[in-house]
Visitor: 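Below: one structure in structure tokens.
It should be emphasised that the depicted structure is a prediction, and the values quoted were computed from it without experimental measurement. These numbers come from the heavy atoms of this one structure, side chains and all, not from hydrogens, waters or symmetry mates. Sequence lines set the chain letters: A, B, ... in the order given, protein chains first and strands last, and positions in each chain run from 1.
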Amino acid sequence: MAGAIGTFLAGMQYLFSNLPEFFDLLQRHLALVFVSEAAAILIAVPLGVVAARYDRARGPILSVGNVAQTVPPLAVLALAFPLLGLGYRPSVVALFVYALLPVLTNTIAGIESVSENTIDAARGMGMTENERLREIQLPLALPVIFAGIRTSTVINVGTAYLAFFIGGGGLGSWVISGINLFNMPQVMAGAVSGALLAIVLDLGLAAVEGRLSDSGVEMTQSTA
Amino acid sequence: MIEFENVTKTYPDGTTAIENVSFSVEAGTTTVLVGPSGCGKTTTMKLVNRLEDPTDGTVSVDGTDNRELDEIDLRRNTGYVIQEIGLFDHRTVGENIATVPKLVGWDDERIDERVRELLDLMDLSRGFRDQYPSELSGGQRQRVGVARALAADPDVLLMDEPFGALDPITRDRLQNEFLDIQERINTTILFVTHDIDEALKMGDRIAIFDVGEVVQYDTPQAILDDPKNEFVADFIGEDRSFKRLDITPVTEVMGPPDGEYAAAIDGNTDATTATDGGSSYDGEALSPDDSVKAALDRLLRSDAPALPVVENGEVIGVVADEHIRASFGRRSDARQGAT
Ligand SMILES: Nc1ncnc2c1ncn2[C@@H]1O[C@H](COP(=O)(O)OP(=O)(O)OP(=O)(O)O)[C@@H](O)[C@H]1O
Ligand SMILES: [Mg+2]
């Protein structure tokens, strides 16, 4: 116990004595996460809408998403390397692929959780299919979609450590090189700051969600 | 006007919900579909606004086969109270009610005014306007559902068990309210219920459904007088005469105001405070709107042998036991003799 606390304090000390480098790595880490996550959301939400609407599209879309998820993140990175080379961009692509599935499945689940009665009422009122999607299904699915985005983001923060392997930078530099050099304070500094980052992003997204859905709709479903 | 012509609906899974159904609802009148659960009432209703299309036969609205109409326009012009209410949980009560007016592009001011009007009409306090459906009771939600269907003054109104979740007192009040509204608006109404009393009360005409088919389509009076078969008779129940008393106005049985009862009612007509159900006993006069059932109730509780029917301070007739008996006891015989 005392050892753990000691390592933690040593880690914090390491962090504060290397602040400029820390901010550099953090900034890179954030850039990896934000860009890949934003792209994943932009692709997965519309894809989920299409999958929920057309039964035929649903199977193929889901299986692509599932395959992307079952490949270990390290392997996704390894695959990105021969195709796209080293550095920031291939890292973003790999993270993007890995972030897709939670958003996709939750978008589908969210849209499908809207009750048949509500849909019948909307149809009966004379809403077109697009109006129904925009005004009824998406707003009602929002909490579930957001839960998927939060999960995906938290996972993404963790996966982004591995980007270091293909030269993507980020907090992985400290953790992975720290392990290689057996520099525990460095590992600790990189790991703890990443964990804090995940928590902060999760809470931030929760706050955004709260503002977006100012309605009485409760969070009824969370991610699997 | 809505017309069903030999309509059959078979769902993709092979269930035939209705078979060879024909009836028509005159413009501005109310037709009630009544029958046991699963007999095809909701299906019939959904065929009108094309939530379902018939497998066979045609459904026409104002003379046009509704498959030739634009389904979006048709639906926006057809108020729909769905059986499960189906309010939009992410929208306030006000926004729910405003759904169709918004879709058809009313301006904000007009929508605002209409929402307030409908809240008043449905006896929902204006405070509900900004609440969400999850904060309302079942009965309140149901009333919001009716308000939402009425919002854009539709030509046709489909109401699928609109008062099902209400307590008897509120239901009775809303039924009466609705009968009033119905007189003021010129809407063609299709109303579904499985409560025969509600059907008799609300309908200009009633279609009695047995599994998938219409067994009798007639006025309430005719159905009570002459149920077509045992199923209908059973459905109406044992107390057929009471039901008839309830839907017959006193004006139909009363006798002339002179004659043998003139003395009995003399001096009894001033304190005229007749109200439904005889809750007021200051006077013993009846109003022309009172039912024969109310008249009988009043007679049973009164010392007088006969009660005057008073309209605008003037006695227009009298009702005594014998008028009721003459009209009800021997009526069907007399009719059969006449035809
Ligand atoms: N979408 C559907 N697919 C298949 N069968 C259906 C569908 N909707 C209704 N049915 C069937 O059609 C029949 C008539 O159903 P409908 O909902 O019209 O009855 P209902 O008279 O409204 O009953 P209730 O009084 O219980 O509301 C039932 O046997 C029902 O199971
Ligand atoms: Mg039904």
Side-chain angles (χ1 to χ4, degrees), chain A residues 45 48-49 52-56 58 106-149 206-222, chain B residues 42-43 45-52 69-93 95-105 128 130-136 141-142 144-146 148-152 154 156-160:
Chain A
V45 172
V49 169
R53 191 187 284 190
Y54 304 103
D55 279 346
R56 288 244 297 275
R58 198 196 146 101
N106 274 48
T107 302
I108 298 174
I111 290 177
E112 290 186 343
S113 70
V114 177
S115 83
E116 201 63 37
N117 301 330
T118 309
I119 302 294
D120 254 10
R123 283 178 69 211
M125 305 275 112
M127 286 191 180
T128 62
E129 207 169 333
N130 285 330
E131 283 164 345
R132 238 152 47 217
L133 185 69
R134 204 174 53 232
E135 294 177 29
I136 307 297
Q137 290 172 297
L138 280 178
L140 283 172
L142 198 65
V144 184
I145 297 176
F146 242 89
I149 292 175
V208 172
E209 182 197 340
R211 299 195 60 172
L212 274 181
S213 59
D214 52 350
S215 69
V217 182
E218 313 256 296
M219 267 282 290
T220 48
Q221 211 172 337
S222 57
Chain B
T42 298
T43 303
M45 195 155 262
K46 285 181 169 174
L47 287 164
V48 176
N49 63 357
R50 295 198 52 200
L51 288 180
E52 300 291 348
L69 298 169
D70 178 69
E71 63 179 13
I72 299 299
D73 286 345
L74 172 71
R75 289 176 191 157
R76 288 181 182 178
N77 223 331
T78 306
Y80 184 36
V81 183
I82 85 163
Q83 190 167 4
E84 299 82 1
I85 311 174
L87 295 183
F88 304 137
D89 287 340
H90 62 301
R91 293 186 162 181
T92 61
V93 166
E95 289 165 347
N96 263 283
I97 296 175
T99 305
V100 183
K102 265 213 181 100
L103 287 174
V104 298
F128 282 129
D130 296 320
Q131 298 207 308
Y132 286 92
S134 58
E135 300 167 296
L136 307 186
R141 269 195 289 255
Q142 201 153 42
V144 174
V146 174
R148 183 174 66 172
L150 287 170
V156 173
L157 194 53
L158 308 174
M159 308 177 81
D160 202 343

Visitor: Would you check if the side chain of B/Arg148 reaches a backbone N or O of B/Ile85 as a donor-acceptor pair within less than 3.5 Å?
Guide: yes

Visitor: For A/Arg132, which residues count as a salt bridge (charged side-chain N to carboxylate O under 4.0 Å, His left out) partner, sequence neighbours excluded?
Guide: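 Listed in chain order: nothing, the list is empty.
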
Visitor: Identify which part of B/Leu51 has an atom lying under 4.5 Å from any heavy atom of chain A, answering side chain, backbone, both or neither.
Guide: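 Both parts, heavy atoms under 4.5 Å.
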
Visitor: Checking heavy atoms, do the side chain of A/Glu135, its backbone, both or neither come under 4.5 Å from chain B?
Guide: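 Both backbone and side chain of A/Glu135 come within 4.5 Å of chain B.
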
Visitor: Counting only heavy atoms closer than 4.5 Å, note whether B/Thr78 contacts chain A via side chain, backbone, both or neither.
Guide: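 Interface part for B/Thr78: backbone (N, CA, C, O).
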
Visitor: For B/Asp130, enumerate each residue passing the side-chain contact (heavy atoms from CB on, under 4.5 Å) test, keeping only those at least two apart in sequence or located in another chain.
Guide: none

Visitor: Considering only heavy atoms, which portion of B/Leu158 lies under 4.5 Å from any heavy atom of chain A: side chain, backbone, both, or neither?
Guide: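 Nothing of B/Leu158, per the 4.5 Å heavy-atom cut-off to chain A.
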
Visitor: Does this structure show an ion pair linking B/Lys46 with A/Asp120, if we count only N-O contacts that are shorter than 4.0 Å?
Guide: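 Salt bridge present between B/Lys46 and A/Asp120.
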
Visitor: Select one option (side chain, backbone, both, neither) describing which atoms of B/Ile72 are under 4.5 Å from chain A's heavy atoms.
Guide: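 For B/Ile72, heavy atoms of backbone and side chain both lie under 4.5 Å from chain A.
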
Visitor: Quick one: do B/Arg76 and A/Glu131 make a salt bridge, cutoff under 4.0 Å?
Guide: yes

